[in-house]
Amino acid sequence: MVIDGHSMAYRAFFALPAENFQTKTGQHTNAVYGFLSMLLAMIREQQPTHIAVAFDTEVPTFRAEQYAEYKAGRDKTPDEFHGQIDLTKQVMAALNIPCIEVDGFEADDIVATMATQAAAQGWTARVVSGDRDTFQLIDDNVTVLYPMRGVSELPPFDAAAIEERYGVSPKQYPELAALVGETADNLPGVPGVGPGFAARWLKKYGSLQGILENIDEIGGKKGEALREHLDDVKRNRQLNALVTNMELPIELDDTEMVNPDRNLVSELFDALEFNTIRDRVFTTFEKELGNADDGADQDHDMPDTKVIDSSEAFAAFLAAVNEPIAVFSHINPPATVTRRKIPAPGDYGQIRAFSFATAQATAVIDLDSASRELGTAVADFLANDQYAKVVYDLKAMLKALATPPESAPLPARPDVNTSIVNVTDDVLLSGYILQPDRRGYELADLVQTYLNTRLETVSATSNQGQLNIEGLDDDANAKLLAQYARNAWMIHRLNESMDGQLAQRDAESLLHDLEIPLSVVLAKVELTGIGIDRQRLDSLLEGFTNEVDKAEQSAFASIGGQEVNLASPKQLQVVLFETLDMPKTRKTKTGYSTDADSLADLLEKTDHPFLHNLMSYRDATKLRQTVQGLLDSIADDGRIHTRFSQTAAATGRLSSLNPNLQNIPVRTPAGRQIRDIFVAGSNPHVDERTTLLTADYSQIEMRIMAHMSGDEGLIQAYQDGEDLHRFVGSQVFEVEPEDVTTSMRDKVKAMSYGLAYGLSSFGLSRQLRISVDEARELMSSYFDRFGDVQRYLRNVVRQARKDGYTQTMLGRRRYLPDLQSDNRQLREMAERAALNAPIQGSAADLIKVAMLGVQARLEKEALNSRMILQVHDELILEVVDSEIEAAEAILIEEMSSAATLKVPLDVQVGKGYSWHEAAH
DNA sequence: CGGACGACGTA
DNA sequence: CGTACGTCGTCCGA
């Protein structure tokens, strides 16, 4: 298959709307995307063994030399097309598809030469081109795929198809074209002669030569015109003849289809912001090349796998081991959770199989067929401090091991402190520390990045049916177990690679002393869950649902009974900006914004009741959704067990999911009602009432900024325990602290918080609804008083630009390549991220240290109270009533001593039956 | 069914 | 033109 790259990319450009394909840097990509998806379709349909793409070059062709007006008068190439040919070539390079271009020739000549060469070798050739001149190449061996509807349909043209369509043979088609002319190439033909007449003449006289020999016979106006434009016709015929015997810089054999360079493809697609097509690329090539086991070659050093089916065999395997063992556990349901398919509340998955790897040996255990003895032996091995272990996702293993089903051979090991010990590495967490801003940390992703090897993801068929060890002659089962073994081997190899990199950047302590121990604490927190008052939650749902209905009815009434979907911004835009003809708001990708700020603006300007009703509807639906989400995630034990992701936030923070308990409303009274349903539950270890204890850091990020900047004024204020915002206000506005008004305090408060996000004077002015000048004035007097803060913030960015990364107090790095970007928007975004990352990240480090400290103290003092939630700067404990004072002391001590800063770490504690009551 | 998008909750 | 997240509904395409 040989493709005319330029003509197809250009077709694709017009087939897809350029405005829908634009990267954040402003580069259009519609032609690249369209070309690529056409290419994939062609590969799938035609299954070529060899493939190449031909391109035109800038150098004028021999045709232009023969005829100066060749292709003159064409419309200017649209600006949006700019750069897309080059990007298309880059994509081809990543796909390992050769691009061919030769100065002085057109892509079509290359296509023609290659097709001719291929046919001469006895191959069949497929020519993909939007240029009808290629029709002349068609014969028994050569077919042209010519785009019809955009580039979505490329019907094959063979001799019969040309005959049917034009009434001439492919060989005669260029003669017909010469008579008719080609506007696109600025080759005028005979006026008044279209393909019909041309075909009739050709049929009658056999060929163009025949026509010329009998030219005087041809009567009528058209005959006259022909005689007048004979030179044009001859010239056209000369120019539309494709060159079939060029010297090419490549042999046909060098165009054999091979695997894409996956890393290059990923890198390039990241830049092009191609996401959905990525998998299509890989699956298309895999299918075409039939090489699903491609990566297997690179495992030649993988030791043979022993299938372990008895505790004796396991003991024998362990006896030969004298180094850290990589342990992989296959957990059902798989950790990959999609939006519409989340695991049932309280289901932490079951371990179905274990596999192990060292440099010398690999082994696999199918738990579905394992004996109770073997299951126990494995559990004992995990709990045995003598064996160092390397794992992937310790937290998931701990949780699954804590709650195996009755029937499983594995004994339940509910104590996460002892169930898996001596874990020296968790490659999931190592991956996060090395690259905290990656999208995914699936084992296969890490293997791809760090080992440049493909890893099959275990087939979903393992979800059902038994993995039966006796059935090892069963192909599918054997393959599955082999995959598990390979996973363990990959964990082993990943660890070798990552260990070195962690050492190089001095981040071992972050892994071993912080993240790995924290994952044990988090496992415990998740297993514990938080108590819920279900009755009150039910009645909240009812109340909010009523509010939604009421607001919806009022909203419809206020626009004359028209029933639109209030949850659809698209439909709202029609109502607001067309039906009601309101002033336009901020632009979004798909139109004009209908967000809360915009609605408030519109309300001010128009005072239309619909706006008010819509806002009520939005408030109520949001609350109802939150309540419904909570109800849906209550587990059988009546509690909600959120999951903490330890690898989600690029700054080092945790995140909470299924459900997210880190964004439960708190600002409005209605929202706070939801906090009231999180309550102190029963403790399984004591028959005693419990209370919720909350403890949060006060102004943690400001304190970190004071510490890191070394600003004496700020430090002094914190040491004196002053009301920080009042103090700053008095400095900025040059008044006595007692004379600082609420408005002054609010302004400096907004500014102080904003600083850590890279707030601009423009942003500040908008937020405070003051003029930009006033905001600028405010910032400059702020920095006059607190100059070290300004110097610090500037220096953070400067250092980050120099090093390529920022660093937290514990050495957690965040890489920010965009600091070097030519694109101002990207660069400035990276600068703000650089400003914020050390501050937010250090705060994250601190509370993680505090969590370890608190958990350790609770255990050391043998308390029954339990940690149940972390919300970035807040820890929540469910405390047995007799332990309230002890727990309170632990919280305060451990949180305030998490680090020694130049300022005190103030911790506020509150208690109550519910989360709401425990707020202070 | 999955992704993009707008919207909005938290720190 | 303020950082970091997760979830929901809609809309649209595979």
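Quick note on labels: first sequence line is chain A, next is B, and so on, each numbered from 1.
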Given C:dA4, is OP1 or OP2 found less than 4.0 Å from the side-chain N or O atoms of A:Arg814? yes

Ring geometry between A:Tyr782 and A:Phe786 (parallel below 30°, tilted from 30 to 60°, perpendicular above 60°): tilted

Return the orientation label for the A:Tyr441 and A:Tyr432 ring planes: parallel under 30°, perpendicular over 60°, tilted otherwise. perpendicular

With respect to the phosphate group of C:dC12, does any side-chain polar atom (N or O) of A:Lys570 fall under 4.0 Å of OP1 or OP2? yes

Could you check, using the six-membered ring where one of them is a Trp, whether A:His725 and A:Tyr753 have ring centers closer than 6.0 angstrom? yes

Selection from B:dT10, C:dC1, C:dT3 that lies nearest to any side-chain heavy atom of A:Asn836: C:dT3

Looking at every strand, decide which applies to A:Arg824 at a 4.0 Å heavy-atom threshold: base, sugar-phosphate, or nothing. nothing

Hey, does A:Ser656 reach any base, or is it just sugar-phosphate, or nothing, if we go heavy atoms under 4.0 Å? sugar-phosphate

Mind calculating the distance between CD (A:Gln625) and P (C:dG6) to the nearest angstrom? 17 Å

With a 4.0 Å limit, can you tell me whether A:Gln571 has a side-chain N or O closer than that to the phosphate oxygens OP1/OP2 of C:dC11? yes

Cationic N near anionic O, under 4.0 Å, A:Lys749 to A:Asp746: no

Do A:Glu515 and A:Gln646 have side-chain N/O donor and acceptor atoms under 3.5 Å apart? yes

Check the phosphate of C:dT10 against A:Asn565, side-chain N and O only, distance under 4.0 Å to OP1 or OP2. Yes or no? yes

Considering only NZ, NE, NH1 and NH2 on the basic side and carboxylate oxygens on the acidic side, decide whether A:Glu917 and A:Arg672 come within less than 4.0 Å. no

With a cut-off of less than 4.0 Å, is there a side-chain N or O of A:Asn663 near OP1 or OP2 of C:dA4? no

Taking only side-chain nitrogens and oxygens of A:Ser568, does any of them come within less than 4.0 Å of OP1 or OP2 of C:dC11? yes

Whole angstroms only, please: what is the CZ-C1' distance between A:Arg586 and C:dC1? 12 Å

What contact category does A:Gln767 fall into here, base, sugar-phosphate, or nothing, at under 4.0 angstrom with non-hydrogen atoms? base

For DNA chain B, which residues in residues 588-600 of chain A have a heavy atom at a distance below 4.0 Å? A:Thr588, A:Lys589, A:Thr590, A:Ser593, A:Thr594, A:Asp595, A:Ala596

side-chain hydrogen bond (donor to acceptor under 3.5 Å, both in side chains) partner of A:Ser593, chosen from A:Lys587, A:Arg586, A:Gln573, A:Lys584: A:Arg586

Hunt down any stem DNA chain B takes part in, defined as 3 or more consecutive Watson-Crick or G-U pairs whose two distances are each under 3.5 Å. B:1-11 with C:3-13

Need one value for A:Gly754: base, sugar-phosphate or nothing, where a base atom within 4.0 Å counts as base even if backbone is also close, heavy atoms only. nothing

At under 4.0 Å, does any side-chain N or O of A:Arg832 touch on OP1 or OP2 of C:dG2? no

May I ask you to decide whether A:Glu831 forms a salt bridge with A:Arg801, counting only side-chain N to carboxylate O separations under 4.0 Å? yes

Base, sugar-phosphate, or nothing: which does A:Ala843 touch, judged by heavy atoms less than 4.0 Å apart? nothing

Would you tell me if any nitrogen or oxygen in the side chain of A:Arg653 comes within less than 4.0 Å of OP1 or OP2 on B:dA11? no

If you compare every side-chain N and O of A:Thr651 against the phosphate oxygens of C:dA4 (OP1, OP2), does one of them come in below 4.0 Å? no

Whole angstroms only, please: what is the CG-C1' distance between A:Leu623 and B:dG9? 9 Å

OP1 or OP2 of B:dC8 versus the side-chain N and O atoms of A:Arg618: is any pair under 4.0 Å? yes

Check the angle between the aromatic planes of A:Phe678 and A:Trp915 and answer parallel, tilted or perpendicular using the 30° and 60° thresholds. perpendicular

Going by atom types alone, do A:Asp601 and A:Ser598 pair a side-chain donor with an acceptor below 3.5 Å? no

